[in-house]
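One structure is given here, and the rest of the page talks about it.
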Number of protein chains: 2
Amino acid sequence: MTTRPRAGRRPGGSGTREAILDAARRRFAELGYDRTTLRGIAADAGVDVALVSHYFGPKQRLFAQAASLPFDPALVLPGLLDGPREDIGRRLARHVLETLDSPTGRRRMTGLIRAAASERQAADEIRERVSRELLVPLAEGLGAPDAPLRASLAGSQIVGLVMARHVVGLEPLTESASGVLVDAVAPVLQHYLTGTLAP
Amino acid sequence: MTTRPRAGRRPGGSGTREAILDAARRRFAELGYDRTTLRGIAADAGVDVALVSHYFGPKQRLFAQAASLPFDPALVLPGLLDGPREDIGRRLARHVLETLDSPTGRRRMTGLIRAAASERQAADEIRERVSRELLVPLAEGLGAPDAPLRASLAGSQIVGLVMARHVVGLEPLTESASGVLVDAVAPVLQHYLTGTLAP
DNA sequence: GAATCAATTCAACACGTGATGATTCTGCAT
DNA sequence: ATGCAGAATCATCACGTGTTGAATTGATTC
C-alpha cells in the first residue's frame with residue numbers, strides 16, 4: 001500500500017482512448033486530413049467532441065498518432081532482403097498486395113497517401129518517416145551506389161498502384177485479383193531494384 | 001442592325017474571367033480542393049469574392065472548369081500510337097517528363113492528383129475523364145484484349161511518379177534529371193503496354 | 001461517509017467558409 | 001443625352017469548424 005501510484009479512477013480503464021484512435025484512423029483514411037472532423041470522429045467513437053481534444057490535443061497531434069505505417073519495417077525488411085536477390089521484386093509485390101487485401105492494411109495505406117496529398121505538413125512528416133524507416137534501410141540492404149534512387153522508384157510504383165486502385169478506383173485495377181497484379185508489377189519492382197536503369 | 005445579338009457592354013471584355021480561372025488553377029494545384037478557398041482565388045485575381053461565384057457558380061463547378069488535362073489527348077495519342085510499337089514506352093515516358101518540366105504542365109498534373117486524393121467527387125470526375133479521354137483510346141490503339149488493364153497499369157506508374165516526385169517530394173526523384181527518369185521508367189511503361197504480364 | 005481525481009459531458013466562443021441578393025459603376029447603342 | 005445591360009462590389013447570412021473552460025459523474029481511497 002505504500003507504492004500505490006495515485007488515488008482515483010484507473011486511467012484508461014474504459015478503452016475510450018483506443019476507440020477514438022480507431023475512429024480517427026478510419027476517418028483519416030477514408031476522407032483525408034481536411035475532410036475529417038473531430039466531431040465525426042467523436043460520433044464514431046460514441047463520445048463527446050471535447051474528449052478528443054482532451055486526450056490528443058490539437059488535430060495535428062491526433063493525426064500524427066493515428067497515421068502509422070501499415071506494417072513494421074523491422075519485421076518486413078529482413079524477409080525481403082534475405083531471400084534470393086532475383087526474387088526481391090516478386091516478394092515485395094506480394095507483400096504490398098497482401099497488405100492491400102486486408103481492410104486495415106488498405107486503410108492505413110490509403111490514409112497515408114490521402115493525407116500526404118492534401119496537407120503539406122502531413123506530406124513532410126510522412127516523407128521523412130517513410131524515407132527513414134523504409135527506403136533508406138532498403139537502399140542500404142541493396143548496397144548499390146544508386147540504391148536511394150532505386151528504392152524511390154519502386155516506392156513510386158507502389159504509391160501509384162494504391163492511388164489508382166484504391167483512391168481513384170480505376171476499374172481494370174479494382175477488379176483485378178491480387179495475383180494478376182503481383183505478376184504484372186513484380187518484374188517492374190525487380191527492374192527498379194536490381195535491373196539496369198540506363199539503357 | 002437587325003441581327004446584332006445584344007446591346008450592352010462586351011462580355012468578357014476585361015479578361016477578369018480568365019484571371020479568375022488562372023488563379024483557381026494555381027491554387028487548386030498547390031493546395032488541393034478543400035484548402036483552396038474562393039476568397040483566396042479572388043484575392044489572387046484581384047477581384048471581389050462574389051465575382052467568382054457570379055461567373056462560375058458553386059465551387060464544384062469552378063473546379064470542374066479549372067481542372068483540365070495538362071495536354072490535349074487528341075494531339076498526343078496519335079503521336080504515341082503511330083510510331084514503332086517497341087518504342088511506345090519511351091515516347092510516353094518522355095512526354096510525361098517533358099510535361100512535368102513545364103511549370104503549368106506540372107501544376108495541372110499535381111492539381112488533378114491532389115484533388116483526386118482529397119475529394120471523392122473530384123476523384124470520380126477525374127477518373128471518368130482520364131478513363132474516357134486517355135486510357136480507353138490508348139487501349140483501343142493497343143488493340144490487345146487486356147489493353148484496359150495495361151493502360152491502367154501504365155497510368156498507375158505515371159501517377160505514382162508525379163506523386164512521389166512533386167507532391168510528396170522524395171529527394172532522389174526531385175533531384176534526378178528528367179533524362180535519367182525517362183531511362184528508368186521507359187522500360188516499365190513498355191512492359192505494361194506491350195510485354196507479357198503473366199510470368 | 002467524505003474527499004479526491006480522472007473520465008466525461010455541456011455550453012459556448014471566435015473564426016473562416018461558401019453562398020446570395022441588393023447595389024453601384026461603366027461603357028456601348030440608341 | 002439617355003437608357004440599359006453587363007461587370008463589379010457591398011453587406012450579410014447560415015453553417016460547420018477546432019478549441020476551450022466550467023460543470024457533472026462515478027469510481028477509488030482514506
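Quick note: numbers below take in every heavy atom, side chains included, and nothing from hydrogens, waters or symmetry partners. By convention in this document, chain letters (A, B, ...) are assigned in the order of the sequence lines, proteins followed by strands, and residues within each chain are numbered from 1.
- With hydrogens and angles ignored, the 3.5 Å screen pairs a side-chain donor or acceptor of A:R150 with a backbone N or O of A:Y192.
- Contacts between residues 26-37 of chain A and DNA chain D, defined by a heavy-atom separation under 4.0 Å, are made by A:T36, A:T37.
- The side chain of A:T16 contributes no N or O atom lying less than 4.0 Å from OP1 or OP2 of C:dA7.
- The CZ atom of B:R108 sits 11.0 Å away from the OG1 atom of B:T99 when rounded to the nearest 0.5 Å.
- As rounded to whole Å, 18 Å separates atom P of C:dG16 from atom CD1 of B:I41.
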For residues 43-54 of chain B, which side-chain N or O atoms pair as donor and acceptor with protein atoms under 3.5 Å away, sequence neighbours left out?
from	atom 1	to	atom 2	distance (Å)
B:D44	OD1	B:R27	NH1	2.9
B:D44	OD2	B:R27	NH1	2.9
B:D48	OD1	B:A50	N	2.9

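- One atom, CG of A:L38, and another, C1' of D:dG18, lie 6 Å apart when rounded to the nearest Å.
- Rounded to a whole Å, the CZ atom of B:R61 is 10 Å from the P atom of C:dA19.
- Considering only side-chain atoms of B:Y55, the nucleotide from D:dA7, D:dT20, C:dA19 that sits closest is D:dA7.
- Using modelled atom types, no side-chain atom of B:S131 and backbone atom of B:E128 make a donor-acceptor pair closer than 3.5 Å.
- Side chain of B:R165 to backbone of B:S176: a donor-acceptor contact under 3.5 angstrom is found.
- Note: B:F56 CZ to B:L21 CG = 4.5 Å, rounded to the nearest 0.5 Å.
- In the hydrophobic clustering of this structure, B:L97 groups with B:I88; members are Ile, Leu, Val, Met, Phe, Trp, Tyr whose side-chain heavy atoms approach within less than 4.5 Å, directly or through other members.
- Between A:Y33 and A:F28, the angle of the ring planes stays under 30°, which puts this pair in the parallel group of the 30/60° scheme.
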Strictly under 3.5 Å: I want the nitrogen or oxygen pairs between protein and nucleotides 9-13 of chain D, one per line.
from	atom 1	to	atom 2	distance (Å)
D:dT9	OP2	B:D48	N	2.8

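- Nucleotide C:dA7 holds its P atom 13 Å from the CD atom of A:E18, rounded to whole Å.
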